[in-house]
4 protein chains.
Amino acid sequence: MSAPRFKRRKEDRPAEITAAALAAFAENGYAATRVDDVARRAGVSKGLLYLYFATKEELFRAVIRSFVVPKIDALKSDIGKSEMSATAFLRGPFLEMAKSLPNSPAKILVRLMVAEGPKHPDLTAYYLENVVAPALDALRALIAKGVASGEFRPSALDTYPQLIVAPVMFSMLWSIVFDTHHKLDSNGLIESHIELLIGAISASTQGEKT
Amino acid sequence: MSAPRFKRRKEDRPAEITAAALAAFAENGYAATRVDDVARRAGVSKGLLYLYFATKEELFRAVIRSFVVPKIDALKSDIGKSEMSATAFLRGPFLEMAKSLPNSPAKILVRLMVAEGPKHPDLTAYYLENVVAPALDALRALIAKGVASGEFRPSALDTYPQLIVAPVMFSMLWSIVFDTHHKLDSNGLIESHIELLIGAISASTQGEKT
Amino acid sequence: MSAPRFKRRKEDRPAEITAAALAAFAENGYAATRVDDVARRAGVSKGLLYLYFATKEELFRAVIRSFVVPKIDALKSDIGKSEMSATAFLRGPFLEMAKSLPNSPAKILVRLMVAEGPKHPDLTAYYLENVVAPALDALRALIAKGVASGEFRPSALDTYPQLIVAPVMFSMLWSIVFDTHHKLDSNGLIESHIELLIGAISASTQGEKT
Amino acid sequence: MSAPRFKRRKEDRPAEITAAALAAFAENGYAATRVDDVARRAGVSKGLLYLYFATKEELFRAVIRSFVVPKIDALKSDIGKSEMSATAFLRGPFLEMAKSLPNSPAKILVRLMVAEGPKHPDLTAYYLENVVAPALDALRALIAKGVASGEFRPSALDTYPQLIVAPVMFSMLWSIVFDTHHKLDSNGLIESHIELLIGAISASTQGEKT
DNA sequence: TATGAATGAGATTTCATTCAT
DNA sequence: TATGAATGAAATCTCATTCAT
């Protein structure tokens, strides 16, 4: 009767639960995670969890969706608005973001998408449309801007902006699978990659005709 | 005259079973694959499967191990023996192999390792030691050879040979997750990447001093 | 109005389940009893049973333990406090208890311990320490009391109090194995035994110097 | 081709198999023993075992039956023919046999009969008729002989010859269940018991009117 | 809302038994 | 006879989901 009323009544229960689920999925993967475990982590009863998420799969989808943050849009418009040269942007804001990814929750999402994605085509579609494609578009725009400004020569990066972020994905994979045995210097890897790319497409150098 | 209830008696039943398991894992992932299903695919009873593999996990390990073929060693010695220049090797045998990977069983292995690897540190260790590390060593040797011969300038590739194969991994990931919606031209991607890299480190060009 | 699918909610479900298990074990022995069967007897689903007892073996242990009632302590102190002569105690309370054993659940326990005990050294140790040893101590004390009071002559019963209860165990064995074919008059057997023993060690007779 | 022909063709295969089965049952009990295991111990293939014993249960019966040795008949006629006094016989041949039992295969049989007997009424009937009843008859005859000769007073042993052997059974039980923790001096126990009984029924003493 | 005891379908695993060789 | 690979029925155990409270 005298227990504090406030502080118990959380209105963001769903968020707490998806956060707990993300943590659980991160440790054991989707299939090996028990709903019981998620509920316990969230400090909530199983029944309540099912009040918010009708099935385990629904919970999974919520977790995935909750991390489709609109950062991409921000990045996109950043590129457009930015006063920086394309090269400076790559070396600055982009590099910073790229380096932060391998140790962010994105790593968990990657693992989840690789493991469970094929069973959830709608989720992967959603992801492709709302995260991956916009991001690639933004990168393509960045490259185009560099070409337009005379910084870059035309190159395959226009067709394959994926090449810019491939090492970021690689770092995440490595971290997921091999970190226990041998950590990779993902910062060094990613920086080196960006420099190599810039070196390859800078207008000031005579690179190959890719 | 009727179909024999007890089928053939083979010496390579284990191989048949791991092959069936790989196929099943490819379709559903490890956790969602029923042992029943693997047995059915292999044309074998559940009981027989358990005669060869004591647990489902044991079967998983056998699948993983059975695909750690000594191809890597072959590649390694190829590089050493090859009369080709490093550049020619990259554009020839290496590129061919790199392009073949995204559609090979390797893709399935990647999915399995990402999803289940964290639960099997010994398997990932085995993999790192017997596949990944040797492959990276071979690449490093190739780059070194190119530098020694004057083809390449010293570059970050010496420290991060992973950069050479990152797009290959990227292609596999993309294929696993997004192929249903949008196929990636992995051949073009990988070729472009190799050319970009060659352009970046060729001694004949004045790129940055990464 | 229809029978509720989810039945009552009790606090002593474990006790209900161990009781059901004891009954099932009594009929079929441990190994031949299906967990399913125990659940059905307890009016409970298999799943619930596993909620309380993690494995069938755990259930077995719980059954065994649940019957290690502290009756022995009661008996022990009874002997100490009793105003009766040792002879009267043997012919009275002790005989009554001894005669009741062959038709009590103890019989089932004996069967279980004989069949499964060797695989559960910790359980047998527990049993020896908490049931058998105390009981033998109590008997030894009783005999000693009789000797001290001049009722009994010193005899082998001091060293081997087991001799007092051997026919009780024998009755249980007979009952387990042969009751279907030929019931043994265990009451007569046990009474006769006690009288023979008393006759053999009474100070008023000149028996052998065992 | 040159392998020795002889010494491989055993005509007493069944006996070898039942012996192996007894050993296996002794270690794990009937239910927990795998037919595979018995075959391996017997140095024989599973198929061959099934050629001799149609089912595992059949094998069990064979094991039980194979140990119904006709020793009892020997004992019986021994008693009849013996020139010894009943007392001397009890202290001599009988005691020797009684002491040998707790460490003989009989112990295994007891365990098997207690665990599996209730499921095999025909086996227990067979046992009762061919082993237990004759043995009790022999004991009864021995006691009667002692009474007739004036050695013993009439006593309950005439009605309950089981009392003579109860401690033997007790020793076996103890050995099965508790030997790991605390060995019982079964020789001392049994000797003491016989002496107590003789003391109780000897005509030369004034025991109670049992 | 909130709980957690209870369910039941289904997955893994075991093993007596069969049969092609 | 003799083998042991192969079967399949059945047992143990798991866990997403439900529902009385």
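Just so it is clear: chains get the letters A, B, ... in the order the sequence lines come, proteins before strands, and each one is counted from 1.
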Checklist line | Phosphate OP1/OP2 of F:dA2: any D:Tyr52 side-chain N/O under 4.0 Å | finding: yes

Next item on the list: Mind checking ring pair (Phe, Tyr, Trp, His ring centres under 6.0 Å) for A:Tyr30 and listing every partner two or more places apart, or none if nothing turns up?
Entry: A:Phe25, A:Phe60

Item checked: Which residues share a side chain to side chain donor-acceptor pair (under 3.5 Å) with C:Asp179, sequence neighbours left out -> C:Ser175

Margin query: Please pick, from F:dA2, F:dA16, E:dT1, the nucleotide with the shortest atom-to-atom distance to any side-chain atom of A:Leu51.
Written below: E:dT1

Check: Does the pair B:Arg41 and B:Glu27 meet the rule for a salt bridge (Lys or Arg N to Asp or Glu O under 4.0 Å), with working shown?
Finding: CA-CA 12 Å; B:Arg41 279 170 195 258; B:Glu27 268 181 35; 2.9 Å; yes

Notebook entry, point to check: Once you round it to whole Å, what is the distance between P of F:dC15 and CZ of A:Arg40?
Noted result: 12 Å

Checklist line | Residue closer to the 5' end of DNA chain F, A:Ala54 versus D:Leu49 (nearest nucleotide) | finding: D:Leu49

Note to self: Would C:Arg13 and C:Tyr52 count as a cation-pi pair here, with the cationic atom under 6.0 angstrom from the ring centre and within 45° of the axis?
What the structure shows: no

Next item on the list: Represent DNA chain F in dot-bracket notation, 5' to 3'. Only Watson-Crick or G-U wobble pairs with both distances under 3.5 Å count; pseudoknot-style crossings use [ ] and interstrand partners use |.
Entry: .||||||||||||||||||||

Next item on the list: Please list residues of residues 27-38 of chain D whose heavy atoms come under 4.0 Å from any atom in DNA chain E, ordered by number; otherwise none.
Entry: D:Thr33, D:Arg34, D:Val35

Notebook entry, point to check: NA contact type, D:Lys46, heavy-atom cut-off 4.0 Å: base, sugar-phosphate, or nothing?
Noted result: base

Next item on the list: Establish, with yes or no, whether the OP1 or OP2 oxygen of F:dT1 is under 4.0 angstrom from a side-chain nitrogen or oxygen of D:Arg13.
Entry: no

Check: C:Val44 has a side chain; which of E:dT7, E:dT3, F:dG8 sits nearest to it?
Finding: E:dT7

Next item on the list: Go through the structure and list residues passing side chain to side chain donor-acceptor pair (under 3.5 Å) with B:Thr18, not counting sequence neighbours.
Entry: none

Item checked: Among E:dT12, E:dA2, F:dA6, the nucleotide that comes nearest once only the side chain of B:Tyr50 is considered -> E:dT12

Check: Got a sec, which residues hit ring pair (Phe, Tyr, Trp, His ring centres under 6.0 Å) with A:Tyr50, two or more places apart in sequence or on another chain?
Finding: none

Next item on the list: Report the residue (C:Leu48 or B:Lys56) whose heavy-atom-nearest nucleotide on DNA chain E is the more 5′ of the two.
Entry: C:Leu48

Notebook entry, point to check: Got a sec, which pairs hit salt bridge (charged side-chain N to carboxylate O under 4.0 Å, His left out) with one end in residues 48-60 of chain C, sequence neighbours left out?
Noted result: C:Glu57-C:Arg61

Check: How close or far is atom P of F:dT18 from atom CZ of A:Phe53, stated in whole angstroms?
Finding: 16 Å

Note to self: Output the rounded distance in Å from CZ (C:Phe60) to P (F:dT12).
What the structure shows: 14 Å

Notebook entry, point to check: Got a sec, which residues hit side chain to side chain donor-acceptor pair (under 3.5 Å) with B:Asp36, two or more places apart in sequence or on another chain?
Noted result: none

Margin query: Holding to side chain to side chain donor-acceptor pair (under 3.5 Å), I want the full list of residues that pass it with C:Lys46, two or more places apart in sequence or in another chain.
Written below: none

Note to self: Which nucleotide wins on minimum distance to the side chain of D:Ser45, given the candidates F:dT18, E:dA6, F:dT3?
What the structure shows: F:dT3

